[in-house]
**Q** 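Dumping the structure here so I can ask a few things about it.
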There are 4 protein chains.
Amino acid sequence: MTGRPRDPAVDDAIRQAALSLITEQGYRGVSMEGIAARSGVSKQAVYRRYPSKGEVILDVLAVYARTRLPTPDTGDLREDLLALLEATFAGQRGVPGALNQALAAEALQDPAFAERVSRELIAARRQAVRQILTRARERGQLAHPDDDLLVDLVFGPMWYALLFAPGRLTDAYAAALADAVIAVGTHAG
Amino acid sequence: MTGRPRDPAVDDAIRQAALSLITEQGYRGVSMEGIAARSGVSKQAVYRRYPSKGEVILDVLAVYARTRLPTPDTGDLREDLLALLEATFAGQRGVPGALNQALAAEALQDPAFAERVSRELIAARRQAVRQILTRARERGQLAHPDDDLLVDLVFGPMWYALLFAPGRLTDAYAAALADAVIAVGTHAG
Amino acid sequence: MTGRPRDPAVDDAIRQAALSLITEQGYRGVSMEGIAARSGVSKQAVYRRYPSKGEVILDVLAVYARTRLPTPDTGDLREDLLALLEATFAGQRGVPGALNQALAAEALQDPAFAERVSRELIAARRQAVRQILTRARERGQLAHPDDDLLVDLVFGPMWYALLFAPGRLTDAYAAALADAVIAVGTHAG
Amino acid sequence: MTGRPRDPAVDDAIRQAALSLITEQGYRGVSMEGIAARSGVSKQAVYRRYPSKGEVILDVLAVYARTRLPTPDTGDLREDLLALLEATFAGQRGVPGALNQALAAEALQDPAFAERVSRELIAARRQAVRQILTRARERGQLAHPDDDLLVDLVFGPMWYALLFAPGRLTDAYAAALADAVIAVGTHAG
DNA sequence: CCTTAATCGAGACGGTACGTCCTGTCTTGTT
DNA sequence: AACAAGACAGGACGTACCGTCTCGATTAAGG
């Protein structure tokens with residue numbers, strides 16, 4: 001029933017190989033074959049762990065982004081939003097940006113995978129923003145009733161930029177976006 | 001010097017085949033090989049016209065979406081925005097949605113293509129919104145100085161939805177989004 | 001130093017699985033993996049007993065064909081030969097035929113194995129025929145001096161048939177072959 | 001309808017690669033993958049021509065053995081048989097021997113292929129011997145009525161040797177076998 | 001009218017990746 | 001030790017596309 005346990009070194013080698021392939025060559029350059037070759041691992045070992053390229057990327061992202069979303073709590077909505085947006089955008093400028101792009105590419109090709117990503121990854125990120133909003137609402141700083149819309153206003157432009165203009169994700173943009181969200185939030189809706 | 005002219009029937013067959021493949025099987029199911037096979041055309045004939053899958057999709061989209069963005073001009077910002085958003089979202093619910101998803105998938109795998117899409121297609125759409133905003137500004141209905149941000153607030157959530165939750169693009173969502181944009185726009189920024 | 005003794009039930013399960021796989025699917029369908037799976041035994045247990053597929057087959061054949069070659073002794077060369085040939089051919093029409101074919105396939109792919117088979121299995125069969133010939137010679141019924149050639153005349157056509165026309169191994173063929181061998185044997189050579 | 005014609009150089013490269021692989025490493029060392037790699041040809045190019053390893057070998061053998069079976073006609077049965085047997089055995093001592101072994105290995109694993117080989121290759125060889133026998137019969141040198149049996153006596157021992165003792169195929173063996181066949185042939189049967 | 005040149009379909013070409021299967025070895029915990 | 005379980009590197013399987021190429025057969029426009 002037990003069998004030989006999986007070698008954690010193999011896990012690491014696979015993730016490391018996938019990560020370096022994505023950063024070096026982008027999503028195009030990633031293949032199950034290539035990951036196996038680069039990591040010095042058999043294809044079987046990869047397929048045993050992940051049914052598809054997307055799952056590899058998802059896992060790499062999960063491990064890589066252990067630097068948790070901060071969910072700052074300064075007592076001020078603007079401060080909180082700004083901190084989260086700057087942190088998030090900063091991340092997207094580097095390797096995680098490439099990972100998220102790869103993720104999106106995979107999701108666009110496989111609705112089931114998109115659903116999975118939505119539930120496991122996207123939801124967590126949304127929750128972080130929603131928490132900030134909830135606290136602001138409790139302090140009476142928020143009039144707009146639809147948190148979902150406000151969250152969309154945060155992440156929508158981010159993904160838009162990842163798709164067509166990754167360079168746009170600057171601190172200044174984070175500030176402008178934070179102000180915009182607050183402008184909407186302080187209205188009654 | 002002239003040689004045999006290109007057969008327009010071949011052009012049509014290619015576009016038609018690409019379109020039906022995308023709608024039937026999604027981006028996954030589309031290949032240059034498949035397009036040629038489905039259209040009864042030689043691979044060479046396809047490659048002569050388009051250097052890559054992405055270009056085919058781009059062209060199909062251009063032809064298919066001859067139903068131009070309206071750029072309504074009712075004299076009222078909210079009316080204009082609402083009309084445009086509803087029309088745009090309505091389009092994304094059907095076949096053009098699949099085409100846009102395919103486009104995004106391709107763009108994510110090829111930065112050069114992303115750039116091209118950005119310049120040729122995205123820019124036009126942004127321009128339509130910017131026109132509405134400009135007119136509103138001339139009427140004194142707009143305080144916010146950064147049109148680009150406002151445009152991002154319009155298209156960001158749309159692409160976000162296309163990536164992870166296509167069902168979200170309803171008329172109600174269009175209305176909420178229009179209100180949000182106006183809320184931001186009427187602030188000084 | 002002794003450790004746990006080998007489980008005879010495992011031995012049986014392996015042989016049984018190998019046998020049924022060969023008869024059901026032929027040599028093609030036989031693999032160490034498949035034998036282990038079919039017998040519900042670990043691969044290690046198989047490899048512990050047999051270094052290769054060929055050895056399994058060889059062992060299965062040995063156990064299965066405990067119905068020893070008869071080496072009849074009727075006092076008449078023709079009677080003896082006919083009895084042996086009919087018995088042998090009869091065997092080759094059923095399961096042992098498939099086993100012998102598998103054996104040959106393995107031998108052709110591995111000269112060392114061929115040598116081993118030759119020494120252990122082929123030699124025994126040849127000895128049986130040689131015994132018949134020796135007795136005939138002592139009775140003065142045999143003029144030809146080269147027993148090896150005569151034995152080849154018996155088994156050559158049998159293997160030939162196993163390779164390319166298994167259906168040929170009938171009783172009539174056995175009779176014709178026995179007569180041929182006698183025709184050669186009664187000549188001086 | 002026409003399409004680009006197959007490149008004969010590719011044909012040659014494949015056959016050459018297959019031949020050298022067989023002679024160097026035996027049937028074990030032959031794989032479609034290996035043939036493609038060795039010949040510098042794509043796997044597709046190989047599969048386009050041959051559905052299986054066996055077909056490659058069969059074709060290589062056919063091309064290689066353009067040194068047709070002689071079918072000598074000296075007016076004397078013994079002379080004819082001896083010439084053919086010596087020529088045949090001589091061939092089996094070298095590269096064609098390895099090819100025939102590979103062929104047999106494949107045939108043993110695939111009854112349909114065995115049938116094909118039987119019809120296309122084996123039949124031709126048998127015909128050569130039968131021709132010799134027919135001429136002898138017309139000259140009154142042959143009493144035995146069953147040519148098929150006589151042919152089996154020629155080829156049976158040859159394949160037997162190829163399977164288990166390739167070294168046995170000497171000129172002396174050819175002579176002994178020729179005499180044996182004649183001994184049978186001059187009897188009434 | 002008759003070259004000239006680009007098109008057409010067909011399909012071969014070297015490559016790369018797919019996802020599966022088998023080989024023979026190994027590493028667990030259990031008996 | 002042997003056992004079931006199952007991971008491991010390696011390698012072959014047969015298929016699908018990639019983008020390029022070479023055919024023979026059209027289809028105009030220009031000499």
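So you know, we letter chains A, B, ... as the sequences are listed, proteins then strands, and number each from 1.
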**Q** Answer yes or no: is there a side-chain heavy-atom contact under 4.5 Å between C/Arg48 and C/Lys43?
**A**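 Answer no - side chains too far apart.
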**Q** Assess whether one donor atom and one acceptor atom, taken from the side chain of D/Thr2 and the base of F/dG24, lie less than 3.5 Å apart.
**A**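 Answer is no: no donor-acceptor pair is held.
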**Q** A/Val10 has a side chain; which of F/dA9, E/dG29, E/dG9 sits nearest to it?
**A**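 Minimum distance to the A/Val10 side chain belongs to F/dA9.
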**Q** How large an angle, rounded to 10°, do the end axes of the helix from E/dC1-F/dG31 to E/dT31-F/dA1 enclose when each is built from five base pairs?
**A**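 The angle separating the two end axes equals 10°.
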**Q** Considering heavy-atom distances to DNA chain E, does C/Tyr47 or B/Asp11 have its closest nucleotide positioned more toward the 5' end?
**A**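 This one resolves to B/Asp11.
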**Q** A/Glu33 has an atom CD; how far is it from atom P of E/dA17, in whole Å?
**A**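 After rounding, the gap between these two atoms is 6 Å.
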**Q** C/Ile14 CD1 to F/dA4 C1': how many Å, rounded?
**A**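 After rounding, the gap between these two atoms is 12 Å.
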**Q** Rounded to the nearest 0.5 Å, what's the gap from OH on C/Tyr50 to CG on C/Asp11? Could you check?
**A**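 Result: 6.0 Å between the selected atoms.
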**Q** Measure from NZ on D/Lys43 to P on F/dC18 and round the result to the nearest Å.
**A**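 After rounding, the reported distance stands at 18 Å.
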**Q** What is the distance, to the nearest angstrom, from the CE atom on B/Met32 to the C1' atom on F/dC18?
**A**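 The distance from CE of B/Met32 to C1' of F/dC18 comes to 10 Å, rounded to the nearest Å.
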**Q** From CZ of B/Arg49 over to P of E/dC8, roughly how many Å is that when rounded to an integer?
**A**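 It works out to 4 Å between those atoms.
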**Q** Apply salt bridge (Lys or Arg N to Asp or Glu O under 4.0 Å) to the pair C/Arg49 and C/Glu55, showing each step before the final yes or no.
**A** CA-CA 9 Å; C/Arg49 288 165 171 77; C/Glu55 302 289 333; over 6 Å; no
**Q** Taking B/Leu162's backbone N and O only, do any of them form a donor-acceptor pair with B/Gln101's side chain (distance below 3.5 Å, no angle check)?
**A**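 The answer is yes, because a donor-acceptor pair under 3.5 Å joins these two groups.
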**Q** Taking atom P of E/dC13 as reference, at what distance in whole Å does atom CD of B/Gln44 sit?
**A**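 Going from CD in B/Gln44 over to P in E/dC13 covers 17 Å.
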**Q** With hydrogens left out and only the distance checked, is there a donor-acceptor pair under 3.5 Å joining B/Arg6's side chain and the base of E/dT7?
**A**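 Result: no qualifying N/O pair found.
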**Q** Using the side-chain contact (heavy atoms from CB on, under 4.5 Å) criterion, which residues pair with B/Glu106? Sequence neighbours excluded.
**A**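 Result, side-chain contact (heavy atoms from CB on, under 4.5 Å) vs B/Glu106: A/Arg28, B/Tyr27, B/Lys53, B/Phe113.
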**Q** Once you apply a heavy-atom cut-off of 4.0 Å, does D/Ser31 come out as touching a base, just sugar-phosphate, or nothing?
**A**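 Sugar-phosphate, backbone atoms only, no base.
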**Q** Hey, does A/Ser39 have a side-chain heavy atom less than 4.5 Å from the side chain of A/Gln16?
**A**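 The answer is no; the side chains never approach within 4.5 Å.
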**Q** Should B/Val63 and B/Leu19 count as side-chain neighbours, where that means a heavy-atom distance under 4.5 Å?
**A**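 With C-beta onward as the side chain, the pair stays apart.
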**Q** Which listed nucleotide (F/dC3, E/dG24, F/dA7) is nearest to the side chain of A/Arg4?
**A**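 Among the listed nucleotides, the one closest to the side chain of A/Arg4 is F/dA7.
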**Q** I need the CZ-C1' distance between A/Arg48 and E/dC22, as an integer number of Å.
**A**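 So the two atoms are 13 Å apart, to the nearest Å.
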**Q** Would you mind telling me which residue lines up with the more 5' stretch of DNA chain F, B/Pro5 or D/Val30, judged by nearest nucleotide?
**A**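 The residue closer to the strand's 5' end, by nearest nucleotide, is D/Val30.
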**Q** Taking any heavy-atom pair under 4.0 Å as a contact, classify D/Gly34: base, sugar-phosphate, or nothing.
**A**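 Touches nothing.
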**Q** Calculate the interatomic distance between C/Asp7 atom CG and E/dT31 atom P; express it in whole Å.
**A**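 Result: 15 Å.
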